[in-house]
Amino acid sequence: MRQSARILGLAAMVFLVPILSACEEQQAPATTAQAPIPAVSVVKAQIRDLRPSVNFSGRVEALDKVDLRARIEGFLEKQNFADGADVKQGDLLFVIERAPYQAAVDAAQAAVSIAQARYDRSEIELKRQATLVSKEAAAQTKLDDAQTARDEAKGALDKANADLAQAQLQLSYTEIKAPLAGRIGKSELSVGNYVGPNSGTLATIVSQNPIGVTFPVSQRDILAVKEQADSSVDFSKLTVYLDLGKDRRYQQTGTLDFVDVTVNPGTDAVNVRAVFPNPTGFLVDGQLVTAVVQSATARPTIVIPTQALQIDQQGAYVLTVDKDKKIVVTRVKPGRQAERGIAISEGLSEGDLVVVEGVQKVRPGQTVDVTEIAPET
């Protein structure tokens with residue numbers, strides 16, 4: 001029995017030795033392997049001369065706008081324009097039936113002719129009576145009566161001329177002409193409709209070139225512009241750009257030409273207007289735009305690529321690489337969008353290495369393999 005137990009023990013040891021050796025071989029690589037160092041691409045924060053600017057939401061507003069209305073009553077006979085067409089000052093746009101008003105003019109002219117004839121006759125009679133009285137061939141009362149008749153004829157003639165002028169004025173109202181150059185909107189009434197002063201607007205003309213953009217500016221924004229530019233800044237010398245959305249900027253620049261004299265107590269803002277050239281009519285009255293008011297003086301500003309900027313619950317930040325090639329979270333204060341990146345007003349210095357590629361692969365304090373790429377120029 002003892003010999004059998006000894007044989008079984010040796011057999012168990014022989015069986016377990018290979019298994020333990022295999023386990024040691026499998027555990028050995030786990031204790032010696034190391035995770036690869038993540039690679040990131042960085043750019044150096046650079047200083048550029050940027051002009052300080054402030055953005056405002058505004059609307060395009062025609063400098064001149066006229067609602068065309070009928071000043072007399074009658075049937076609308078003609079419409080001499082296409083809806084939405086450009087018109088020149090003085091262009092004939094609508095014609096209201098002329099016949100009744102032309103007849104009134106003709107009647108008034110006839111009345112003037114009659115009154116003129118009576119006046120001329122009274123003048124002749126007055127002179128005749130004056131001659132007879134001077135020769136003592138007629139009584140003074142005859143001369144007085146002739147003087148009175150002449151004065152009455154003169155009054156009747158003046159009234160007839162006034163009636164003629166009124167009839168001619170009414171006739172002129174049958175033609176509705178463009179009071180200014182611009183673009184005319186849709187005609188609200190068709191030819192054949194009976195129109196009059198109570199018919200409302202027939203069509204609207206808005207001036208096109210130049211055109212304005214109006215936007216509210218709070219007192220805080222005005223102070224911000226002055227602080228970013230110069231406390232004695234002349235607002236009329238500030239350049240204004242228009243952003244139209246989707247990274248589109250209007251090609252023409254504008255200038256400020258009007259600052260309202262009162263502040264809206266509800267918003268603590270004043271209305272400001274900038275004027276822009278609009279030769280092609282690209283800007284349309286009522287269009288929503290972003291006005292970018294830019295200083296005339298450039299200021300050195302840190303600029304980084306837009307993709308480097310990150311946002312979390314605490315605000316904006318970028319990942320930078322320190323001298324030991326470790327990742328650092330750097331809180332920044334972003335400014336406006338620059339031509340090739342975004343301006344940073346606080347948090348970075350010139351030459352700081354900012355991570356632009358590989359942000360998602362690293363964490364703060366981690367050592368990284370750095371590849372520096374040249375910033376866009």
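The shortest non-hydrogen separation linking Ala45 to Ile304 is CB-CG2, 4.0 Å. When all heavy atoms of Leu169 and Ser172 are compared, the pair lying nearest together is O-OG, 2.5 Å. Counting all heavy atoms, side chain and backbone alike, Leu309 lies closest to Val318 at CA-CG1, 4.0 Å. The two residues Val112 and Ala160 come nearest to each other via the heavy atoms CG2-O, 3.2 Å. Annotation for Val66 and Pro179: closest pair CG1-CG, 3.8 Å, computed over non-hydrogen atoms. Nearest approach of Ser122 to Ala153, heavy atoms of both residues: OG-CB, 3.5 Å.
Each of Gln140, Lys142, Gln147 was compared with Asp144 under the side-chain hydrogen bond (donor to acceptor under 3.5 Å, both in side chains) criterion, and only Gln140 meets it. Test Thr301, Val332, Val354 against Ile344 for side-chain contact (heavy atoms from CB on, under 4.5 Å) and you get one pass: Val332. Screening Asp322, Asp352, Thr320 for a side-chain hydrogen bond (donor to acceptor under 3.5 Å, both in side chains) involving Thr330 leaves a single residue, Thr320.
In summary, the aromatic rings of Tyr173 and Tyr101 are positioned with their centroids too far apart to meet the 6.0 Å limit.
Salt-bridge formation is detected for the pair Arg98/Glu175: a Lys NZ or Arg NE/NH1/NH2 atom is positioned less than 4.0 Å from an Asp or Glu carboxylate oxygen. In summary, Asp312 and Arg331 engage in a salt bridge, as defined by a charged side-chain N under 4.0 Å from a carboxylate O. Ion pairing of Asp243 with Arg248 is absent here, as no side-chain N (NZ or NE/NH1/NH2) approaches a carboxylate O to less than 4.0 Å. With respect to Lys177 and Asp91, no salt bridge is recorded, no charged nitrogen being found less than 4.0 Å from a carboxylate O.
Under the 30°/60° scheme for interplanar angles, the aromatic rings of Tyr250 and Phe276 are found to stand perpendicular. Between Phe75 and Tyr194, the ring planes lie perpendicular to each other; the angle is over 60°, past the 30° to 60° tilted range.
For the atom pair CZ (Arg59) and CG (Leu288), the distance works out to 5.0 Å, reported to the nearest 0.5 Å. Summarising the geometry, atom CG belonging to Leu242 is positioned 8.5 Å from atom CZ belonging to Arg249; distances are rounded to the nearest 0.5 Å.
A 4.5 Å side-chain heavy-atom check between Gln109 and Val105 finds at least one atom pair inside the cut-off.
Defined by atom type and a distance below 3.5 Å, a donor-acceptor pair is present between the side-chain atoms of Asp67 and Thr204. With no hydrogens or angles considered, a side-chain donor-acceptor pair links Arg48 and Gln46 at under 3.5 Å. For the 3.5 Å distance criterion, the side chains of Thr201 and Glu188 fail to qualify, holding no donor opposite an acceptor.
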